[in-house]
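Okay, structure first, notes after.
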Amino acid sequence: MVKLSSRGSSRLKSGHVWVYRSDIVSSDGVPPGAVVDVADERGKFLGTALYSSASQIAIRIISPNKVDDLPDLLQKRIQDSIAYREPVVRDSDAYRVIFSEADFLPGLIVDRYNDLLSFQVLTQAMDSEPLRQAVLSKLVERLQPAAIVERVDPRVRELEQLPARASGLVHGQKDSTVFSMNGVRFHFDALLGQKTGAFLDQRENYAAAQRYARGEALDVFCYQGGFALHLAPQCSKVTGVDSSRSRLEVAERNAALNGREVEWIEANAFDLLRDYADAGRQYDTIVLDPPAFARSKRNLETAMRGYKELNLRALKMLRPGGVLLTCSCSYHVSEGDFAQMLTEAAGDLRRPLRVLERRGQSRDHPLLLGVPETGYLKCFIIH
Ligand code: SAH
């Protein structure tokens, strides 16, 4: 049994599912990765949790009730996760099947790319052999993938004090495929790529971008062409910019797969936007989807300066009536911070900006109320 301080208990009562180590009063004899009863200081039962002996997040609640058979509970949750997505995912064979806490499966991420699944474990408990087997067998039974690839984040395993492990196939033999989102096709190599291979959280924003796109378009931080290839059918010319040559090579293969022509430029986005803005280049549609600038609260200020610089330059290059789709995937940047940054940019430019849409991550990455960390992506579409 793990006992919590009153601050830890009230955190759970407010709907959160995490308790930090500093809010644990006693956890004597609880082994790493154990399934534990959680109680308040007076011993009143608060729920069942997965325990980590290493992470600052010591407790992740898995159920408000007692749990007798955890593998069975996880399998039911997987079934529910799949069912949740059936009415939500449209025109796509690639989506997140399990999103950790937001699917009541803390420490587990599963993505589907057509006939391949990518599987990632983030905690001591989820890494235990019986739970891994319960998860994998249910995924095979329900989704019948050609293969499942485990993607290991070595930093996470180190933080959780788990033994090192290599990424690789854990079921089947296939490790590459072609998937499609909104009618656009993409190559997927299960053992390459960052995150779990593609930015599935942008799937609905790709479709939104396509609805507004026209004229000449610029996709900044284009990665493997997610936005650029959605803009292409609507635009006279599309340019994609990224600093990674290997990503642009995949982007070009993706363009060919769809019979599209896109101009790919390998450059630092900050430099390129400065040069293009100074040269007076103009576009009708611009997408800005940078990596997370604010990795922690501490560098929020620097991050906001980065976002503002990018957005100012992009707005300068927008023709009258043009559309900017601008994103931040930093959890530490709130929607309010992001709107404030755009407001300041509008002020500096003395140009009124209207918000066509205020969007977030796709619905297969659900935001669980009470657990704000499950919501991280901001996407504003600006006129
Ligand atoms: N829009 C993409 C995802 C972008 S991820 C999609 O929807 O698929 C962020 C990308 O920014 C990565 O591809 C990374 O290579 C690139 N990147 C990071 N820093 C950069 C910089 N300074 N200039 C240009 N690209 C950069």
Side-chain angles (χ1 to χ4, degrees), residues 92 94-96 111 113 118 178-189 192-210 212-213 217-232 238-255 257-258 260 262-277 285-295 299 302-303 305-314 317 323-331 333 359-362 364-365 376-381:
S92 178
Y95 53 91
R96 179 149 291 182
D111 289 331
Y113 296 91
S118 139
V178 167
F179 66 90
S180 79
M181 288 192 268
N182 316 303
V184 180
R185 296 175 4 114
F186 297 89
H187 289 284
F188 176 62
D189 286 301
L192 305 171
Q194 94 198 43
K195 260 180 115 178
T196 50
F199 291 87
L200 301 177
D201 50 2
Q202 292 283 25
R203 180 177 48 83
E204 294 172 1
N205 297 331
Y206 293 151
Q210 191 169 64
Y212 295 102
L218 182 65
D219 175 9
V220 189
F221 305 97
C222 66
Y223 188 62
Q224 299 173 354
F227 279 102
L229 293 171
H230 279 81
L231 304 177
V238 180
T239 302
V241 180
D242 203 281
S243 58
S244 162
R245 173 178 294 264
S246 58
R247 298 300 150 211
L248 292 177
E249 283 166 3
V250 181
E252 176 53 25
R253 284 173 63 216
N254 287 336
L257 188 63
N258 292 279
R260 299 283 171 201
V262 175
E263 175 192 35
W264 307 109
I265 300 181
E266 181 187 341
N268 180 315
F270 286 90
D271 297 343
L272 179 124
L273 286 180
R274 190 190 51 230
D275 294 349
Y276 276 25
T285 308
I286 299 180
V287 171
L288 285 181
D289 183 22
F293 290 156
R295 295 263 172 215
N299 60 8
T302 322
R305 272 202 297 278
Y307 285 117
K308 184 162 171 202
E309 181 180 334
L310 287 175
N311 281 276
L312 253 179
R313 295 228 158 95
M317 290 199 287
V323 169
L324 170 69
L325 183 147
T326 180
C327 306
S328 164
C329 57
S330 300
Y331 164 69
V333 174
R359 307 177 56 91
Q361 60 225 37
S362 297
D364 47 323
H365 294 60
Y376 58 95
L377 185 61
K378 278 77 49 190
C379 170
F380 279 57
I381 306 180

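In this text the structure is predicted, and so the values were computed from the model without any measurement. For the numbers below, each heavy atom of this structure counts, side chains included, while hydrogens, waters and symmetry mates do not. Indexing begins at 1, ligand by ligand and atom by atom, following the structure's order.
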Between Phe227, Phe221, Tyr223, flag the one that comes closest to atom 11 (O) of ligand 1 by a heavy atom.
Phe221

Please compare Ser244, Ser243, Cys329, Ala198 and report which has the shortest non-hydrogen distance to atom 26 (C) of ligand 1.
Ser243

Distance under 4.0 Å to a non-hydrogen atom of Ala269: what atoms of ligand 1 satisfy this?
21 (C), 23 (N), 24 (C)

Which label fits Phe221 and Phe270: parallel for a plane angle under 30°, tilted from 30 to 60°, or perpendicular past 60°?
perpendicular

Quick note on ligand 1: atoms under 4.0 Å from a heavy atom of Ala267 include exactly 23 (N), 24 (C)

Ligand-side contact atoms (ligand 1) for residue partner Asn268, heavy atom cut-off under 4.0 Å
22 (N), 23 (N)

Would you call Gly225 a ligand 1 contact, heavy-atom distance under 4.0 Å?
no

Please check if any side-chain donor atom of Asn182 sits under 3.5 Å from a side-chain acceptor atom of Gln210, or the reverse.
no

Could you tell me, atom by atom, which parts of ligand 1 come under 4.0 Å of a heavy atom of Asp289?
1 (N), 2 (C), 3 (C), 4 (C), 6 (C), 7 (O), 9 (C)

Glu309: partners by salt bridge (charged side-chain N to carboxylate O under 4.0 Å, His left out), with sequence neighbours left out
Arg313

Mutual orientation of the aromatic rings belonging to Tyr223 and Phe199 [parallel < 30°, tilted 30-60°, perpendicular > 60°]:
perpendicular

Does Asp242 have any salt bridge (charged side-chain N to carboxylate O under 4.0 Å, His left out) partners at least two apart in sequence or in another chain, and if so, which?
none

Counting each atom of ligand 1 from 1 as listed, which ones have a heavy atom of Tyr206 under 4.0 Å away?
6 (C), 7 (O), 8 (O)

Do Met181 and Tyr206 touch side chain to side chain, with heavy atoms closer than 4.5 Å?
yes

